[in-house]
Amino acid sequence: MAIGFSSIIPRLQMLSTSDHASVVSMNLFVALLCACIVIGHLLEENRWVNESITALVIGVCTGVVILLASGGRSSHLLVFSEDLFFIYLLPPIIFNAGFQVKKKQFFVNFTTITLFGAVGTLISCGIISLGVTQFFKKLDIGSLDIGDYLAIGAIFAATDSVCTLQVLNQDETPLLYSLVFGEGVVNDATSVVLFNAIQSFDLNHIDPRIGLHFIGNFFYLFLTSTMLGVMTGLLSAYIIKKLYFGRHSTDREVALMMLMAYLSYMMAELFYLSGILTVFFCGIVMSHYTWHNVTECSRITTKHAFATLSFVAEIFIFVYVGMDALDIEKWRFVSGSPGTSVAVSSILLGLIMAGRAAFVFPLSFLINLVKKSPKEKINFRQQVVIWWAGLMRGAVSIALAYNQCLVC
């Protein structure tokens, strides 16, 4: 018995030490978030700096301090996992975007959004895949087959909807905001379907049925994800309207809206649908139906609660990205073959820019031929902004790359 206790005590001490370290890390990270909010508020009038840039700079500075304090071993306070992002941080950001989006502007431009998000993604993927096939063979970076090249195209064709929210303001530029963010949402679904199709099909025996199968998968994913979000939003409106939650407790109304929104996202992930599409359309439906069935107090509370959760999640992500820029493991990997790493990065960046340009400007030209009102047409400056805003890569690209690594 004494031997048993003597072996357990050191384990408990190690566990206690680990828990204490986690608590210290969380305290420091929360303090950083507070600092980002305060400094971002002080720099609010500065036209060259916004809260995302402030968070990035603070993250980089903190990473430098941690790197020096740890003797070059680490630049992070927390270990950032794929689950942390997709389960806890992404849903409130996308839901709030759907909840706050100007619905009229979004649906008026829905055809344009779908063209950019679906057709544009396919064009971009094709150009990136073709480019890496030609250039990577000359660099001799390893044995890659056609599936790997197509997977690279699908991974880097995925834009980042989250960063778009920090680039544009829907009150100042409603057309640009609806086009860029809407494209990002549809682009995510297209990229996921395209990547899954590449993984599941036998690419050594390509035939027309593969193309038809892909189109069918895309429409299935898009329609079912959208309908799940719409049905969840309508169900929340019906429950709140019929049961009169507000007469007894405002907290119950707000809690039900939050949980139903989160449930729609998790159900989409459970059935291998696009959680981004689902929670986005759930936000649109809730803002149009559910929000008008709650009490006035609940309307004010939900509007600010959703915006607050989204804001904190965005700041969290940018702070961590700033720290991750100094990740010592990534720099060690690059230092092993700096010339090849720079060449691969430059080629991918050039192909991403070419892929964006290949569909943004031609499709904008075709869309302008159909639009009658000058206000609805996309001028050249707006086309450049759409092209530039879509160059960012984020969560979906990382997740697809992670899945490709697991397959390899």
Residues, nucleotides or ligands: over 12 heavy atoms within 6.0 Å of Lys303 NZ | no
Would you tell me whether Thr159 and Glu183 have side-chain atoms, one donor and one acceptor, within less than 3.5 Å of each other?
-> no
With respect to Ser264, which candidate in Leu235, Val285, Val279 satisfies the side-chain contact (heavy atoms from CB on, under 4.5 Å) definition?
-> Val279
Test ring pair (Phe, Tyr, Trp, His ring centres under 6.0 Å) applied to Phe280 and Phe106, Phe99, Tyr265, the passing residue = Phe106
Does the pair Phe136 and Ile347 meet the rule for a side-chain contact (heavy atoms from CB on, under 4.5 Å), with working shown?
-> CA-CA 9 Å; Phe136 282 12; Ile347 290 170; 4.0 Å; yes
Main-chain N/O of Lys377 paired to Asn368 side chain as donor or acceptor, under 3.5 Å | no
Distance under 6.0 Å and angle within 45° of the ring axis: does Arg356 meet both against Trp387?
-> no
Hey, is the main chain of Asn379 close enough, under 3.5 Å, to the side chain of Gln382 for a donor-acceptor pair?
-> yes
I would like to know whether Phe306 and Met286 meet side-chain contact (heavy atoms from CB on, under 4.5 Å); could you show each step before the answer?
-> CA-CA 12 Å; Phe306 294 144; Met286 278 194 175; 5.5 Å; no
Could you tell me whether Met231 atom CE has more than 12 heavy atoms of other residues or ligands within 6.0 Å of it?
-> no
Minimal non-hydrogen separation, Gly63 against Met323, with atom names = N-CG, 4.3 Å
Indicate, with yes or no, if the rings of Phe316 and Tyr88 have centres closer together than 6.0 Å.
-> no
Please test Ile93 against Ile317 for side-chain contact (heavy atoms from CB on, under 4.5 Å), starting from the C-alpha separation and ending with a verdict.
-> CA-CA 11 Å; Ile93 295 173; Ile317 292 168; 3.7 Å; yes
Return yes when atom NZ of Lys371 has more than 12 non-hydrogen atoms of other residues, nucleotides or ligands closer than 6.0 Å, and no otherwise.
-> yes
Crowding at OH, Tyr289 (>12 non-hydrogen neighbours, <6.0 Å) = no
Over all heavy atoms of both residues, which pair between Ser287 and Lys103 is shortest? Give the atoms and the distance, please.
-> OG-NZ, 3.3 Å
Is the CZ atom of Phe135 crowded by more than 12 outside heavy atoms at less than 6.0 Å?
-> no
Under 6.0 Å from the NE2 atom of His292, do we count more than 12 heavy atoms belonging to anything else shown?
-> yes
Which donor-acceptor pairs under 3.5 Å do the side chains of residues 107-121 make with protein atoms, sequence neighbours left out?
| unit_1 | atom_1 | unit_2 | atom_2 | d |
| --- | --- | --- | --- | --- |
| Asn109 | ND2 | Gln105 | O | 2.8 |
| Thr114 | OG1 | Phe110 | O | 2.8 |
| Thr121 | OG1 | Gly117 | O | 2.4 |
| Thr121 | OG1 | Asn187 | ND2 | 2.8 |

